[in-house]
Amino acid sequence: MKPPPLALTPEEQAAFLQSVDQVQQAALRGLEAQPGGWAVVAFVRHLQRGVDSVVATVRDQGVRLDCAAGCSHCCHARVEAMAPEIFQIAGELAARPPLEQAETVARLEAYLAVQTQDASPQDAPWSCRPACPFLIDQLCSIYAVRPAACRKAHSRDVAACASDAALIPQSLELAVHAEALQLGTAAAYRQRGLDAQPHELVQAVLLALRDPSALSRWQDGEPVFGVDR
Ligand code: SF4
């Protein structure tokens, strides 16, 4: 999750912006077809499937990606997600047994307490930072509903991840297409009058779990997770 900046030629930049626009138009049509309520939240699965599809396509093209189950270097980085992704995760957690929910909330709270005291700079090496509290036994405990930011995170050289390299070698094609899907989808949600800016994942999920009015307020257009960057 320390991707190098997208170094695009002017032609590639124009194509990228066109892709963002196409995603936005398609997502807006999709959102307008939803009956409202939870369907507007669940619509975000199209973004997730889209990013998964981009990753699969790049792999099918023979591009070497070193990411595999049990490797979790990038799960030490700050993760951001937009509101529908956050509500989707909170909804999935709320359906789990009460004891598991309580344990999850305790892990999220402990993580945020450490973060509050952490004076490390934003660009501190991954190994200096606590792991995401959703990471259990080196596996993502919310894998099915993990946000697009996690789905698109990848490395073409796990040795670079393990050594806290400043830049992680990535697939430009994967990065560009996933970014277009994220930006276009977020723009469509915003066009529907809904907050879709990125929010720090753990704090936002905790808020969604604790505040039963958060979902309805977001559906009414309120930026319930605030402006955190
Ligand atoms: S949500 Fe899952 S994939 Fe994303 S950083 Fe946390 S543990 Fe890793």
Side-chain angles (χ1 to χ4, degrees), residues 1-3 41-42 44-45 47-56 58-59 65-96 100-101 103-116 118 120 122-158 160-162 164-165 168 170-171 174-175 178-179 181-182 185-186 196-210 225 228-229:
M1 292 179 200
K2 288 187 292 186
V41 171
V44 82
R45 70 183 181 277
L47 165 63
Q48 295 162 343
R49 288 175 187 163
V51 176
D52 289 349
S53 173
V54 170
V55 174
V58 167
R59 282 190 190 273
L65 303 180
D66 280 0
C67 311
C71 179
S72 57
H73 294 292
C74 62
C75 294
H76 290 251
R78 172 187 167 100
V79 177
E80 294 183 339
M82 62 176 170
E85 299 180 292
I86 293 159
F87 286 120
Q88 191 191 36
I89 293 166
E92 208 270 346
L93 292 172
R96 295 183 183 183
E100 193 177 335
Q101 285 183 47
E103 289 172 351
T104 300
V105 168
R107 270 202 315 276
L108 303 190
E109 288 174 336
Y111 173 87
L112 288 175
V114 170
Q115 291 291 83
T116 304
D118 183 10
S120 306
Q122 282 285 335
D123 58 353
W126 293 352
S127 58
C128 299
R129 299 192 163 277
C132 172
F134 293 116
L135 187 70
I136 299 176
D137 296 333
Q138 300 305 309
L139 295 175
C140 178
S141 60
I142 55 166
Y143 190 79
V145 289
R146 71 198 189 286
C150 300
R151 291 168 192 266
K152 77 173 184 182
H154 68 283
S155 170
R156 300 196 62 205
D157 182 5
V158 70
C161 305
D164 280 331
I168 303 301
Q170 299 211 317
S171 156
L174 194 167
E179 182 85 359
L181 287 168
Q182 282 183 288
T185 304
Q197 73 157 330
H199 301 282
E200 193 280 321
L201 178 67
V202 178
Q203 195 163 10
V205 169
L206 204 48
L207 189 154
L209 284 170
R210 284 172 169 162
F225 301 112
D228 59 7
R229 74 169 195 174

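All values below come from the heavy atoms of this structure, side chains included, with hydrogens, waters and symmetry mates left out. Whatever order the structure lists them in is the order used to number ligands and atoms, beginning at 1.
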Discussion item. Please check: side-chain N/O of Q101 versus main-chain N/O of E103, any donor-acceptor pairing under 3.5 Å?
Written reply: no

Discussion item. Only heavy atoms of V79, strictly under 4.0 Å: list the atoms of ligand 1 that pass.
Written reply: 5 (S)

Worksheet, complete the sentence: Looking at I89, I142, L135, the heavy atom closest to atom 7 (S) of ligand 1 belongs to L135

Discussion item. Can you tell me if, anywhere in C132, an N/O/S atom lies at a distance from atom 4 (Fe) of ligand 1 that is smaller than 2.8 Å?
Written reply: no

Response to the item:
On a heavy-atom basis, the closest approach of T185 and L181 is OG1-O, 2.7 Å

Response to the item:
ligand 1 to C150, heavy atom cutoff 4.0 Å, flagged ligand atoms 1 (S), 3 (S), 4 (Fe), 5 (S)

Item to complete: Specify the closest pair of heavy atoms between L139 and A69, including all atoms of both residues, with the distance to one decimal.
Response: CD2-CB, 4.3 Å

Item to complete: Answer yes if the side chains of Q197 and E80 hold a donor-acceptor pair under 3.5 Å, and no otherwise.
Response: no

